[in-house]
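So the structure is just underneath, and the comments pick up after that.
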Amino acid sequence: MAQQLDTRAEGLHIGFIMDGNGRWAKKRGLPRNAGHRKGAQVFQDITRYCNELGVASASFYAFSTENWKRPAAEVAGIMGLFKDYLVKAFDYKKENNRVCFLGDRTPLAKDLQELMAEIEEGSRQNTGMILNVAINYGGRDELVHAVRSIAGQVREGGLLPEQIDEQLISDRLYTAGQKDPDFILRPSGEMRLSNFLLWQCAYSEFIYMDVLWPDFTRHHLDLALDEYNHRSRRFGGI
């Protein structure tokens, strides 16, 4: 286990880009959705481990706005897993997590939208870790959504253009009121953001690991935390 940190008091926020499910399955001669099932199980375990470590916030990239381009059968499988695993399987009451879903929900099935709203409302008063699950999420789409909201307020006369600042934009994002991520962790060997939390990660550290998400373990998170703890964050200063 990583050295126990007072991470909740410090407000540590970790972003996870869960990548490599399809490649994990292909290496084993399995259908891609088998990789997504295994990845969902890892998501549950890593969520619990973050809670045990005292992490204040954890954001998981589950499904991007670009993932709709995948074959229909794979998308349907991911959505089914999202309902069965990423929503039902973790016990937000027992874990005391406050669950937030990031992204545009309108394309999702009505029953899934209702279940997401029920979980958010039911966990609103929880005092433990903030658990963000990004579903139909894209960083650029999020910024477009924020700009449209601000433009509407300007058009109605409730806001002057010169009143627009960074805080106002942050307040219109899906993560409004939350701290920006301290570091973004991406397994699978890929070294890119893939449209994840573009505004929020302006000063985040990036940690890339050459392990596919379905093989990601608590030990890998320990290694990432140790790496982060050796980083010097200056935020543009000296």
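These numbers come from the heavy atoms of this one structure, side chains and all, not from hydrogens, waters or symmetry mates. Note that the numbering runs from 1 along the sequence shown for the chain. Note that the structure is predicted; figures quoted are calculated from it, not measured.
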Restricting to non-hydrogen atoms, name the atom on [X] and the atom on [Y] that form the minimum distance, rounded to 0.1 Å.
X	Y	value
G15	P181	N-CB, 4.4 Å
L221	F216	N-CZ, 3.7 Å
G11	D182	O-OD2, 3.5 Å
C50	A58	SG-CB, 4.4 Å
P187	W213	CG-CE3, 3.6 Å
I207	A224	CD1-O, 3.3 Å

For the pair [X] (side chain) and [Y] (backbone), establish whether a donor and an acceptor sit closer than 3.5 Å, ignoring hydrogens and angles.
X	Y	answer
E120	A117	no
N229	L225	yes
N126	R98	no
D104	T106	yes
W24	L212	no
S64	G138	no
N33	H36	no

How long is the straight-line distance from [atom2] of [Y] back to [atom1] of [X], given to the nearest 0.5 Å?
X	Y	atom1	atom2	result
N97	M129	CG	CE	4.5 Å
D180	L197	CG	CG	8.5 Å
Q153	I164	CD	CD1	9.0 Å
Y203	R234	OH	CZ	11.0 Å
R37	L81	CZ	CG	6.5 Å

Pick from I46, T47, D45: which one makes a side chain to side chain contact (heavy atoms under 4.5 Å, CB included) with F43?
-> T47

Pair [X]-[Y], side-chain donor/acceptor within less than 3.5 Å:
X	Y	value
Q200	E142	yes
D222	Y49	yes
Q167	D171	yes
R172	S149	yes
E66	N195	yes
S194	R186	yes
Q178	N132	yes

Is [Y] close to [X] at the side-chain level, that is, under 4.5 Å between some pair of heavy atoms?
X	Y	value
K38	N21	no
S59	I14	no
L108	M116	yes
C201	L193	yes
T65	Y137	no
F206	L185	no
E74	I78	yes
R140	L198	yes

Mutual orientation of the aromatic rings belonging to F196 and Y61 [parallel < 30°, tilted 30-60°, perpendicular > 60°] | parallel

Where does the angle between the aromatic ring planes of F63 and W68 fall among parallel (under 30°), tilted (30 to 60°) and perpendicular (over 60°)?
-> perpendicular

Would N96 and T127 satisfy side-chain contact (heavy atoms from CB on, under 4.5 Å), going step by step from the backbone distance to the final call?
-> CA-CA 6 Å; N96 196 31; T127 58; 2.9 Å; yes

Ion pair check, [X] and [Y], cut-off under 4.0 Å:
X	Y	value
D111	K83	yes
E121	R124	yes
E190	R23	yes
E52	R48	no

ring-ring contact (aromatic ring centres under 6.0 Å, His included) involving W199 - partner list, sequence neighbours excluded = none

Those residues that, when tested against Y208, pass ring-ring contact (aromatic ring centres under 6.0 Å, His included) (two or more places apart) | none

Compute the centroid of each ring, for H13 and then for F183, and state whether the two points are separated by less than 6.0 Å.
-> no

Is it true that [X] and [Y] fall in one hydrophobic cluster, defined by side-chain heavy atoms closer than 4.5 Å?
X	Y	value
L53	Y228	yes
L102	I184	yes
V133	V55	yes
V154	L168	yes
F60	V211	yes

Please lay out, stage by stage, how I135 and M79 fare under the test side-chain contact (heavy atoms from CB on, under 4.5 Å).
-> CA-CA 9 Å; I135 179 78; M79 289 300 165; 4.2 Å; yes

Report the C-alpha distance between E114 and K110 in whole Å, list the side-chain angles of each, state the deciding distance to 0.1 Å, and finish with yes or no for salt bridge (charged side-chain N to carboxylate O under 4.0 Å, His left out).
-> CA-CA 6 Å; E114 292 172 352; K110 191 68 174 178; 5.2 Å; no

Look at atom CZ of R148 and say whether more than 12 heavy atoms of other residues, nucleotides or ligands are closer to it than 6.0 Å.
-> no

Counting only heavy atoms not in H220, do more than 12 sit closer than 6.0 Å to its NE2 atom?
-> yes

Worked check of side-chain contact (heavy atoms from CB on, under 4.5 Å) between L143 and L173 = CA-CA 7 Å; L143 288 170; L173 300 178; 4.1 Å; yes

